[in-house]
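On a predicted model such as this, the values are computed, not experimentally measured, just so you know.
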Protein chains: 2
Amino acid sequence: MSHTLGIRQAQKQKTRQALMDSALQLLEDQSLSSLGLREVTRAVGMAPAAFYRHFAGTADLGVALVEQALGSLHGTIRAAIVTTGSSEERIDRAVALIGAHVRAHPAHVRFIARERHGGVAPVREAIGVQLRRFADEVAEALGADPESAGWTPADLRMLAGVYVDHMVMTASALLEGDAGSEESVLATARAQLRLVTLGRHHWLD
Amino acid sequence: MSHTLGIRQAQKQKTRQALMDSALQLLEDQSLSSLGLREVTRAVGMAPAAFYRHFAGTADLGVALVEQALGSLHGTIRAAIVTTGSSEERIDRAVALIGAHVRAHPAHVRFIARERHGGVAPVREAIGVQLRRFADEVAEALGADPESAGWTPADLRMLAGVYVDHMVMTASALLEGDAGSEESVLATARAQLRLVTLGRHHWLD
DNA sequence: CCACTCAGTAAACATGTGTTCGCCGAAGTT
DNA sequence: AACTTCGGCGAACACATGTTTACTGAGTGG
């Protein structure tokens, strides 16, 4: 694998990343549909025309940001759903993981929450694809759990949807509140997961 | 009450409403943070400067739209949570009501979903206030249900949050899918509510 | 009937925008 | 060493933007 790619491609990737970083920062207080291409290049310190060497337009940039924000999360999520420990322990682990991720990458999380239903169709679609992939992976992991014996695939997928939606909701709730309210948001998230776990236990009654 | 307000104030309210209607239509495929004031006046057919006779800026317009989209919904929601009939019947009623509302006012629903985490702070805040009010009202209604005996207020509020979040999620999921997928979205929504209901029954174990 | 209020107008302001063009010079290739 | 590739530049294009200004004329109330 890893060809030590030439100093040319390296530089290109570097400025591409700089564009994405600056864009993400600018997107902290506006939506993608109002993000100007010149605004981004100005923040990076380069000429507007150079933007086109990397992206076809701001929508394209947005799709790349989705990939960066969500693409690397699949492994993390699979790891979070491991079925070891009591329900309580698993809930604690999952919620702690969300909290840590939001604290580590707040701008990414904000971007996803904002553009999930935002005004730029290709970006919305890209986010939808990733979240559906998450749900599929969670559903698969849930299927492996002995607790899920007797569940139909459709019901597993339904449950997975609840988990993924809840994860996104919790993450964006963490962003809205001030720093002090973090623990109470997480406590609520844990209670909600406990509620779902109870429903899960009695689903086949 | 209702002073038959003069033909002057009547006209003013009429063009104000025209501005809001045109804006809502333009917002079907962009976010508020990119909505231009001129764009709106052009759609209505009036001079840009006249906009300021009604709103301080597009953010102000947005807040007014939130009021219009969500303000009239409190009664509907209270009516939807009435505690008559079996759980199954109540779930069917609630989900049908969401479906009907989305079909009747798709632009309003889209606007709320989009700006809930959008780039315009005052609008985000206005939506947050309304949704919190919804949750409070639902929590109060749940408290009146004999089934909620023994629940702490905090837990009731937590449950209400699940219901409100689920309502918003379902509504925006209905918008994303094509017309044919409506029934499957509603079926999933019903199953998820059934899951929550089960958890609710066993909460005090 | 007359003074006054005020929603809507037209024009001008200074800036901002996306996109195209030809050019440069360092990196890569033979 | 000669030749090609290509990321970035600066300038120019034709518009679009928010906001202010002085003005008009219909609605209002004494």
Side-chain angles (χ1 to χ4, degrees), chain A residues 2-23 25-65 115 118-123, chain B residues 2-23 25-65 115 118-123:
Chain A
S2 80
H3 271 225
T4 17
L5 68 180
I7 120 167
R8 200 167 201 167
Q9 290 217 1
Q11 257 307 328
K12 178 163 185 181
Q13 283 213 347
K14 212 165 159 184
T15 69
R16 183 186 153 99
Q17 189 57 49
L19 284 168
M20 291 173 66
D21 289 346
S22 287
Q25 199 172 313
L26 290 164
L27 286 169
E28 295 251 5
D29 31 39
Q30 74 186 297
S31 342
L32 184 61
S33 83
S34 71
L35 180 70
L37 151 174
R38 295 182 99 109
E39 203 178 344
V40 179
T41 57
R42 195 184 310 130
V44 174
M46 66 187 201
F51 184 91
Y52 295 103
R53 303 280 186 210
H54 301 272
F55 303 101
T58 51
D60 213 32
L61 208 204
V63 173
L65 278 175
E115 301 304 327
V120 184
V123 172
Chain B
S2 79
H3 270 228
T4 16
L5 69 180
I7 120 169
R8 197 167 202 165
Q9 290 217 3
Q11 258 307 329
K12 178 162 185 181
Q13 282 213 348
K14 213 164 158 183
T15 70
R16 183 187 153 100
Q17 189 57 48
L19 284 168
M20 290 173 68
D21 289 347
S22 288
Q25 198 172 313
L26 290 164
L27 286 169
E28 294 252 5
D29 29 41
Q30 72 185 298
S31 343
L32 183 62
S33 84
S34 71
L35 181 69
L37 151 173
R38 294 181 100 108
E39 203 178 343
V40 179
T41 57
R42 196 183 311 130
V44 174
M46 63 187 205
F51 185 92
Y52 295 104
R53 302 281 184 208
H54 301 272
F55 304 102
T58 52
D60 213 32
L61 208 206
V63 173
L65 278 175
E115 301 304 327
V120 184
V123 172

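Remark: C1' of C/dT5 and CZ of B/Arg53 are 11 Å apart, rounded to the nearest angstrom. Atom CD of A/Gln9 is separated from atom P of D/dC6 by 9 Å (rounded to the nearest Å). Note: CD (B/Glu39) to P (D/dA16) measures 11 Å, nearest angstrom. When the P atom of D/dA12 is taken as reference, atom CZ of A/Arg38 falls 13 Å away, rounded to whole Å. Computed from coordinates, the A/Lys12 NZ to D/dC9 P distance equals 14 Å when rounded to whole Å. For the pair B/Gln17 CD and C/dA7 P, the computed distance is 17 Å after rounding to whole Å.
Closest to the A/Ala47 side chain, of the nucleotides C/dG28, C/dA7, D/dG10, is D/dG10.
Between B/Arg8 and B/Gln11, it is B/Arg8 whose nearest contact on DNA chain C lies nearer the 5' terminus. Comparing B/Ile7 and B/Pro48 by the nucleotide of DNA chain D that holds the closest heavy atom to each, the one mapping nearer the 5' end is B/Pro48.
Across all strands, B/Arg16 comes closer than 4.0 Å to no nucleic acid atom at all (heavy-atom distances). Within 4.0 Å of B/Tyr52, counting heavy atoms only, lies at least one base atom of the nucleic acid. Within 4.0 Å (heavy atoms only), A/Leu37 reaches at least one base atom of the nucleic acid.
A/Gln25 and A/Asp21 share no donor-acceptor pair across their side chains, judged by distance under 3.5 Å alone. Looking at B/Ser34 and A/Ser33, their side chains do bring a donor and an acceptor atom within 3.5 Å of each other.
For A/Arg42, no side-chain nitrogen or oxygen approaches OP1 or OP2 of C/dG18 to under 4.0 Å.
Between A/Ser31 atom OG and B/Leu35 atom CG the span is 11.0 Å, to the nearest 0.5 Å.
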